[in-house]
Every structure is written in C-alpha cells, then in structure tokens.
Amino acid sequence: MRLLKFAIALLLTGGLTWLLSNPLQFGEKRFPALGHLFNPFTGFWQNADPVPQGEEDLFRLPGLTAPAEVVYDERLVPHIFAENLRDALAVQGFIVAQHRLWQMDIMARRAAGRLSEVLGPATLEIDRRQRRMGLPYAAEQTLATWQESTLGMELLEAYSDGVNAYLRQLSPKDYPLEYKLMGYGPEAWSPLKTALVMKVMAATLCAREDDLEATNSLEQLGREAFDYLFPEYNPKQTPVIPAGTVWNFGPAADSTDQSGAEGLSGFYRSRPLPKPSEFLGSNNWALAGSKTADGAPILCNDPHLELTLPAIWYEVQLHTPEFNAYGVCLPGVPALMIGFNEQVAWGLTNVGQDVLDWYRLEWADEARTAYYFDGKEEPVQFRAETIQVKGARTVYDTVRYTRFGPIVYEDPERPQHNLAMRWLAHDRPDDFDLNAAFKLLQAGSVEEAIDGSMFHWTPAMNMALADRSGDIALRIMGHLPIKEQEQGRFVQEGAGLGSLWEGLIPQKEMPQVVNPASGFVASANQRTTDSSYPYYYNGHFDDYRGRLLNRLLSRTQNVGVRDMMSLQTSNYSIQAEEALPRMLELLAGEELNTIQEGLVRILSDWDFRFDPEQTAPILFEEWWNALYRNLWDEFYGQSGSPLILYPETWRTVEMLSEQPHSVYWDDLSTPEREDPAAIVRRSFRQMAKELRPYLDKVDYHWGQHHAFQIRHLSRLPAFASRTLRPGGYSQALNAVRLVGSEKVTGPSWRMIVEMGPEIKAYGVFPGGQSGNPGSPFYDNMLDEWEEGKYFELQFMASPSDTRQRVLRRERFIK
Amino acid sequence: MKFFSQFLITGMLACSLQLFFPWWALVGVAFVVGLFYSYRHSFSSFLAGFLAGGLLWSGYALYLNWLNMGVLAGRMGDLFQGIGSTGILIATALIAGIMCGLGALTGSLLRRTIFPPKDLDAVQS
C-alpha cells in the first residue's frame with residue numbers, strides 16, 4: 001500500500017517534471033517548456049526590464065582603441081562618445097544588440113531563408129522563396145565587394161565585434177523573450193548578416209513591378225486601349241526634380257533603340273513572386289533660409305513603411321572628435337540611415353523606379369541545363385540551397401542562375417520556357433556602397449554629402465539635404481539601369497545581348513537640384529523627372545502627396561518648426577479635393593431620402609481632411625471605392641485572369657472630369673448605357689446602404705473606422721500595440737494606411753531639423769527604443785506619435801552635456 | 001515546528017540551487033528534504049513544499065514585476081489566453097507550488113515506505 005502510494009507520487013512528480021521541461025504540441029498549437037518559461041530565475045520574468053534609475057555599467061569590448069562612453073537620455077536613446085569612427089560603430093553594434101537582438105537576428109535569418117532551422121516546417125515556404133529570389137545570393141555578392149575594401153571591412157567587422165561582444169557576456173536567462181518562447185538562441189553576427197538586412201530593405205523598396213500584369217493587359221486590351229487606361233505620365237504631377245530642369249547631356253548612345261524592349265505576348269496566370277506592399281512611400285523636403293522665420297534651413301523627412309514592433313528604427317547619436325551625428329539606424333546596419341550632423345541634415349524617400357524585370361528564356365534541353373542566347377546554348381549555373389528544418393528532414397533545392405538572374409519558380413504548363421529574374425539588387429556593387437552612409441556621417445556640406453552619396457548602390461533614394469551654410473539640395477542617390485523605351489514595362493524575350501540593360505546611368509547624370517530659385521526641394525515618391533529626362537524609366541509613383549507638398553511649400557513664407565510639424569501630420573487629400581466636388585455635382589438632382597441628404601451635407605461641409613474625429617472620410621472612401629468598382633466593372637469578375645493592371649486613382653479622377661463619354665462608364669451587366677452621373681448615383685446609394693450599420697453608431701468617426709494595432713514581427717497578438725486611431729490616409733502627407741485587416745503602413749519616423757546656429761531637431765516614431773515587449777520602453781512613444789507630437793532630440797556635445805535626466809551610463813573598455 | 005522547518009529548509013535550499021540549476025532543481029530539493037520528514041498525514045509534507053516553492057517563485061516574480069511596473073506580466077497575461085498579470089503571477093506560484101509539493105510528498109512517502117510510521121513515531125517521540 002505504502003509502496004503503491006509512493007510509486008504513484010513518484011510517477012506523477014516525474015511525469016509532470018518531464019512535461020514541464022519540454023516544449024509541447026497540441027495540434028497546431030505549440031507551447032514552450034512551461035517550467036523553464038515560468039521559472040523567475042531564468043524564464044520570462046528575467047525579461048521584466050526594470051526602469052533604469054541612473055545606474056552605471058562597465059563592459060569589455062575587445063578591439064576598442066580607446067575607452068568609450070554611452071549616455072542614455074529619458075527616452076532610452078543612447079548617445080555614444082567614442083575616440084574614432086571604428087570605435088563608435090563597435091559600441092553601436094553592442095548597444096543595438098542589447099536592445100534589438102532578436103529583431104536583427106530574425107531579419108537576417110528571414111532574408112537568408114533560415115527560419116525553418118529554428119521554427120520548423122511552418123516557415124519552409126518562406127525560406128524557399130527567399131532563396132529562390134536570391135536574397136542570400138545577393139547578400140554574398142555585396143559582401144564580395146565589401147571584402148575588397150580593407151577599410152570598409154574593418155568598420156563592418158568592428159560593428160559585428162560589438163554585437164558579438166554583447167552576445168558573449170549574455171547568459172541564456174538574459175536572452176530576449178522571443179527566444180524563450182520559440183525555444184532557440186541567438187547566433188553570432190557577421191558582415192554577411194548586415195548585407196542580408198540591407199537586402200531586406202532592397203526587397204521592400206525596389207522589388208516592385210507589374211511586368212506580368214502589364215503584359216496580360218496589353219494582350220487583352222490592345223495598344224490603344226492600354227495607353228488610354230494606363231498613361232505613364234500624369235499631366236498634373238510635379239516631379240521630384242522640378243519640371244523644366246535642363247539636362248546638360250544627351251540621351252545615351254542608342255536609348256531610342258527599342259530592339260531590346262520587345263514586349264512579349266502570352267498570358268501569365270501566376271506571379272513568380274508575391275508583390276511587395278503598394279503603400280510604401282515617404283515624404284522629405286528642405287526649405288532654404290529665405291522661406292523660414294529664423295532664416296535657417298529646415299529639413300523634414302518621414303519614411304512610410306510597414307509599421308511593426310519592435311519598431312523598424314533605432315535612434316542613436318554617434319560622437320567622435322571628428323564628427324557628431326544623430327539619427328535613426330536599422331538594427332543590423334552600422335551608421336545612420338536618416339539624420340543630421342553638425343553641418344548637414346539628410347532625409348530619404350524611395351525612388352520607386354522599376355529595377356526588377358522578367359525575361360522569358362527558351363530552354364535548350366529538357367533538363368533545363370542550358371538556354372538559347374543569341375542562337376547559342378548558354379549553360380545555367382546551379383546553386384544548391386540546403387534548408388535545415390527543425391524537427392524534420394533537411395530540404396534541398398537547386399536554383400538555376402542565368403545571365404539575367406535566377407529562375408525563381410517552376411512552371412509545369414510551359415516546360416520549354418521560364419522567366420528569369422533580372423534585379424539590380426543581385427548585382428555586385430562596383431564599390432564599397434556602405435561608404436555612402438559613413439561619408440554622410442562626416443559630411444561638412446551639401447556638396448560633400450552629394451559626393452559621398454555616389455557610393456550608394458540600391459535601393460535608389462531621393463535624398464533631400466540642407467546644411468548650415470544655407471544650401472539645400474535633392475539628389476537621386478544610388479544606381480539605376482539604362483533602359484530603352486518601355487524596356488522592363490512588360491515581360492521580355494531574353495534571347496540575346498540586345499535584350500539586356502545597357503548598363504548603369506553615370507552618377508554625373510543622375511537627376512539632382514541644388515539651391516533652386518523656389519527656395520525648397522521636396523519628394524514624395526512621385527516621378528523623378530518630367531519626360532524631358534534623357535533616360536527612360538517606369539515604376540510605381542505616388543500622384544498626390546508630391547503635388548500637395550509642392551503646392552504648399554511654394555506658397556509658404558516665414559515658417560518655423562511648428563508649421564513643419566503640422567505639415568508632416570496633415571491629413572489633407574488632393575484626391576478628395578479633386579474628386580468629391582465633381583461627384584457631388586453629378587449627384588445633384590437625384591431624389592434622396594432624409595438620411596441620404598444628411599450624408600450629402602456632411603460631405604459638402606468637408607474640408608478634405610482625413611482627421612480622426614470626422615465622419616466624411618468614411619463616406620468618401622466608401623463612395624469612391626464603389627465608384628471605382630462600378631466604373632471599372634470591365635476589370636472585375638473575369639474568370640482566370642487575376643493578373644491584370646487596374647487603372648490608377650489619378651486616372652480614375654481624370655475620367656470623372658475629362659472623359660464623360662468614355663465607353664468604360666457603361667456597366668456591362670445592365671442593358672442601358674450608363675453615363676458618369678448614373679455611376680456616381682448608383683455608387684452613392686450603395687455606399688449609403690453599405691455604411692448604414694456604422695452610421696447609426698454613436699461616436700463613430702474616421703478614427704474608429706480606421707483603427708488598428710501595430711503588430712509584433714512574430715504576429716503574436718499579445719505583443720501588438722494597443723489600438724490606435726490617428727487618422728490619416730494613403731494619399732495624405734500623413735500616409736497611414738490599413739492594408740487588409742492586420743497590416744498597416746505609415747510614417748515610421750518623423751524628423752524635423754532646423755540647421756541654425758544651434759541645431760534644433762525633433763522626432764518621433766511609433767514604438768520605443770527597446771525591442772523587449774516586457775519593457776516600458778517597447779512602445780512608449782505611441783501616444784505622441786498618434787497625436788502628432790514630437791520629442792526634442794538631445795544633440796549632445798559631450799557626455800556631461802546632459803539637459804535631461806540620465807537613465808543610464810555605460811562605459812566600454814578594451 | 002517540524003512543518004515550518006521543512007518549509008524553510010526547502011525554500012532556502014531551492015533558492016540557492018535555482019541560481020545555478022534549471023527549474024527542476026526545485027523538485028529535487030523538495031524531494032531530498034522531504035526524505036527527512038514524515039507526518040501522520042502526508043499531505044502536510046505536500047503543503048510544506050507547496051508553500052516553499054510557491055512563495056519562492058511568486059515572491060521573486062512579484063519583486064521583478066514591481067521593478068518593471070507590471071508591463072511584462074500584462075503582456076504575458078495576454079499571451080496566455082488573457083489570464084491577466086494576476087493570472088500569470090498565480091500560474092507562476094502554482095507551477096512551483098505543485099511541483100515542489102509533489103517533490104516533498106514523494107520524499108515523505110519514500111521515507112514511510114522504508115521506515116513504516118510506527119517505528120518512526122518511536123524515533124520522533
């Protein structure tokens with residue numbers, strides 16, 4: 001009896017101990033080892049970061065040439081004081097790892113196609129796609145160039161050493177929370193991982209194209225209708241580089257030649273790669289002293305990206321005897337991406353030109369080992385990809401590389417052909433491209449910043465600049481291909497040398513404008529130039545924010561930082577300003593009920609601002625969407641052709657005002673022939689019906705309609721932000737946009753810098769400095785970001801130059 | 001007194017061993033200490049272990065939670081089906097309490113198997 005009792009107790013104790021010590025899986029749900037997780041001595045409780053109270057710490061960082069010091073201000077922004085650039089970057093690596101280790105690790109892992117190694121079979125398809133797309137290949141190409149630069153590698157390795165020095169003194173109980181939940185640990189950092197993180201940026205910003213859609217639409221519609229629906233130039237657009245700029249060079253030798261740009265007929269049913277998000281963009285502008293109240297130039301920038309937690313950006317100051325710079329960096333990449341130093345401020349927006357083209361190859365043999373190129377068989381290079389999978393068998397994949405790039409997909413329907421991916425980000429940079437970032441840190445003037453920026457490879461950026469001597473400029477930074485007319489707009493034949501890009505546009509011929517008479521420069525992802533620029537390009541361009549900026553900035557006089565803040569957070573939309581009056585005009589005369597009349601009143605009184613407390617934006621958005629679907633009904637519901645182009649918003653607005661007799665107004669599903677008024681009225685009634693359930697709600701405005709949470713990179717709902725209701729619209733300067741039900745894009749960092757005798761800078765981002773969901777600094781700036789408020793950035797001159805409470809000091813010695 | 005000493009010794013030993021060994025050191029400590037204690041009702045041994053383990057983990061967790069202003073516990077509460085930060089603290093206490101209690105019970109029961117209670121009573125009195 002006693003023995004039995006003991007045996008039962010022993011079994012129970014042993015069994016439970018085992019269960020709590022191992023990760024468990026119930027169907028789809030995976031649980032980490034709960035005993036380890038809940039143990040307050042090593043588990044998640046150890047991630048309960050205390051609020052720092054001014055502590056001091058000392059760390060060893062092998063390789064430092066002199067001691068360094070870091071001062072954390074009230075928002076946990078580190079101010080790094082080091083003896084030289086190399087030391088500053090080493091400390092930056094250490095600090096960024098200390099606050100964002102899991103984030104940088106998972107970004108590099110994802111880019112490398114190595115998620116399954118730690119997360120199991122669920123992520124296998126993502127891994128395979130990253131490798132098929134050639135992201136690890138691209139990173140290796142970049143690394144190969146870096147390795148030719150002794151000085152460059154020294155700096156990159158200093159940063160890696162910093163990260164790794166942090167890792168070495170880290171015990172498993174201090175691992176970031178995500179590791180404990182997912183049951184793996186961090187890995188050493190290396191320059192290759194920095195390259196991988198940069199390729200993530202390239203994949204986000206310069207991998208968008210519509211080649212297959214455009215090819216299908218051209219085939220379906222014919223040339224005339226295609227050009228009518230999809231014009232390349234919006235006549236109302238004001239380009240990044242002011243229209244009328246004179247180019248002091250001719251077109252490249254034979255860029256009028258169209259031999260390489262033959263579009264291909266054929267119908268494509270699926271994309272080789274999913275598309276990056278459409279709603280990524282940014283604003284930047286610089287005002288000359290002649291436009292500002294204090295006479296000092298002002299630079300503003302707000303990059304719009306997918307908003308996630310941990311925040312995309314990490315704020316940091318880097319100070320050495322040679323330079324003093326402040327700004328934001330990407331975790332995993334040394335130096336600063338956007339920021340300012342004691343002389344120059346710089347801000348970036350995406351250029352949006354298409355640098356990813358698809359070429360159709362004809363295989364020479366069934367095994368697809370060679371393809372026809374200029375009539376000869378050209379062999380492919382095989383690249384073996386080995387994907388390790390946690391808890392399952394290793395997966396092997398062989399990717400074929402052609403002269404154009406990788407073959408990213410299998411197409412059993414067409415065994416003779418494949419599309420090869422030509423992407424600029426696969427190319428080896430011709431020089432140490434990160435030099436651009438290092439030169440910007442130390443630039444003494446707009447001119448020096450422009451010189452330094454020429455090292456940058458990809459993604460191409462619109463770089464706005466302002467310096468303390470009063471110069472402002474805007475330059476396309478990065479490399480772009482020389483294309484023939486319409487080259488890369490459609491899928492092309494990859495049959496020979498004539499179909500390749502002809503090379504890269506020389507840096508001296510990249511568009512730029514310095515000190516224009518207008519007194520300002522601005523960009524918001526619109527077309528780079530007017531059609532007089534000697535080189536052809538296509539791509540994805542914004543049509544409203546750029547116009548608004550140019551309109552407002554050209555009128556503006558005697559402005560200050562406050563005005564810039566209200567501009568950055570402005571919810572005004574030119575799309576609404578142009579479309580709504582016309583829509584109301586066409587609606588007039590329609591018999592409406594009392595409720596519908598009420599809706600018309602709300603819309604008539606609207607000031608075209610997508611502010612959170614307004615109702616009109618809900619009505620407008622829904623009305624517009626209904627109108628768009630009713631007008632372009634020809635494009636919806638066709639069987640088997642999901643891959644087509646849809647007309648752009650600006651073209652749709654133009655249809656309303658300038659094309660009232662177009663055949664497209666006719667709704668094919670009805671016997672009568674519709675005109676714009678009929679479509680507008682039908683859409684209005686649909687909107688009123690659709691929104692009925694919402695409009696009865698008390699206190700339901702755009703803010704509620706457009707509410708969202710910022711999700712954690714792992715998509716664990718518990719680590720998402722609270723619900724935010726900031727207003728904004730994709731066509732407004734405050735380009736907050738919901739994509740689907742969970743994803744949100746918007747201003748990921750708002751920065752305003754006044755380059756006066758004393759530099760005054762302001763900034764805010766939706767998140768916090770810490771990547772730890774259990775830290776009070778994980779999302780502490782959300783309130784200010786939502787309300788459009790800013791923090792004054794502490795641009796310190798020395799470690800003792802503290803104007804705020806110091807949260808923490810860290811000293812670093814060799 | 002006996003009960004209190006088992007509670008105290010288990011708690012103190014567990015606390016020091018936890019600094020170097022994984023979580024299950026707790027169970028081992030409770031078991032070994034339990035070997036030295038026998039009660040008329042073995043449940044008392046379970047209770048001594050339960051209180052020692054539960055208070056040790058929840059006490060330390062409460063201290064960390066206080067320094068952190070409760071941010072992490074709130075997040076973890078959401079992660080575990082919305083049980084809240086109090087739920088997370090109770091879960092922490094229960095895991096340690098139950099496992100430590102079971103360890104202590106097993107220890108006591110083993111002792112009773114080797115030394116049946118009669119002899120034991122004689123020794124004790």
Side-chain angles (χ1 to χ4, degrees), chain A residues 1-21 29 31-53 172-173 177 180-181 309 712 714 716-720 722 768 770 772-780, chain B residues 15 17-28 30-31 42 46 56-82 88-89 91-96 98-99 101-114 116-117:
Chain A
M1 186 61 199
R2 285 197 194 99
L3 192 60
L4 185 67
K5 268 190 178 172
F6 163 69
I8 292 172
L10 185 65
L11 265 175
L12 192 64
T13 311
L16 277 177
T17 305
W18 185 85
L19 276 178
L20 290 169
S21 301
K29 285 208 149 185
F31 288 92
L34 294 179
H36 293 297
L37 188 67
F38 276 80
N39 177 3
F41 293 88
T42 57
F44 74 80
W45 287 107
Q46 283 293 319
N47 298 83
D49 285 356
V51 180
Q53 306 290 341
K173 77 179 174 63
L177 189 53
K180 294 181 184 175
L181 290 174
L309 290 171
H712 183 257
S714 71
L716 282 173
F719 295 166
R722 66 174 174 80
S770 170
N772 174 10
S775 162
F777 293 94
Y778 175 63
D779 58 1
N780 58 313
Chain B
C15 183
L17 285 175
Q18 287 263 268
L19 300 173
F20 310 101
F21 294 99
W23 80 275
W24 40 256
L26 194 73
V27 188
F31 172 78
S42 304
F46 175 84
L56 173 66
W57 275 27
S58 61
Y60 186 35
L62 261 172
Y63 169 71
L64 294 171
N65 187 49
W66 173 69
L67 291 180
N68 174 249
M69 306 190 308
V71 178
L72 176 73
R75 294 270 181 199
M76 294 305 291
D78 288 346
L79 188 68
F80 285 91
Q81 325 291 335
I88 280 294
L89 271 163
T92 305
L94 282 181
I95 289 177
I98 291 171
M99 293 318 296
L102 281 175
L105 177 69
T106 314
S108 287
L109 288 176
L110 180 58
R111 185 188 180 94
R112 280 165 66 123
T113 317
I114 302 166

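Everything numeric in this text was worked out from a predicted model, so none of it was measured. Reminder, nothing fancy here: chain letters follow the sequence lines and each chain counts from 1.
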In Å, rounded to the nearest 0.5 Å, how long is the span from [atom1] of [X] to [atom2] of [Y]?
X	Y	atom1	atom2	answer
Thr106(B)	Leu11(A)	OG1	CG	9.5 Å
Phe31(A)	Phe80(B)	CZ	CZ	7.0 Å
Leu109(B)	Ile8(A)	CG	CD1	9.5 Å
Leu716(A)	Asp78(B)	CG	CG	11.0 Å
Phe6(A)	Thr113(B)	CZ	OG1	6.0 Å

Quick check on the interface: out of [options], who has the most heavy-atom pairs with chain A under 4.5 Å?
options	result
Phe46(B), Tyr63(B), Tyr60(B)	Tyr60(B)
Leu105(B), Ile98(B), Asn65(B), Leu79(B)	Leu79(B)
Trp57(B), Phe31(B), Trp66(B)	Trp57(B)

Which heavy atom in [X] sits nearest to a heavy atom in [Y], and how many Å separate them?
X	Y	result
Trp23(B)	Thr17(A)	CZ2-O, 3.5 Å
Ala48(A)	Leu64(B)	CB-O, 3.9 Å
Gly774(A)	Asn68(B)	O-ND2, 2.7 Å
Arg112(B)	Arg2(A)	O-CD, 3.4 Å

ask   = How far apart are the C-alpha atoms of Ile88(B) and Trp45(A), what are their side-chain angles, what is the distance that settles it, and do they pass the side chain to side chain contact (heavy atoms under 4.5 Å, CB included) test?
value = CA-CA 10 Å; Ile88(B) 280 294; Trp45(A) 287 107; 3.4 Å; yes
Can you check whether [X] reaches [Y] side chain to side chain, under 4.5 Å on heavy atoms?
X	Y	value
Thr13(A)	Trp24(B)	no
Tyr778(A)	Leu72(B)	no
Leu56(B)	Phe41(A)	yes
Leu67(B)	Gln53(A)	no

key: Side-chain donor or acceptor of Arg75(B) paired with backbone N/O of Ala720(A) under 3.5 Å   =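 Looks like yes, one N/O pair under 3.5 Å.
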Against chain B, label [X] side chain, backbone, both or neither, depending on which of its atoms sit under 4.5 Å from a heavy atom there.
X	value
Ser21(A)	both
Ala7(A)	neither
Leu20(A)	both
Leu10(A)	both

Please flag which part of [X] lies under 4.5 Å from any non-hydrogen atom of chain A: side chain, backbone, both or neither.
X	result
Ala61(B)	both
Leu110(B)	both
Leu26(B)	neither

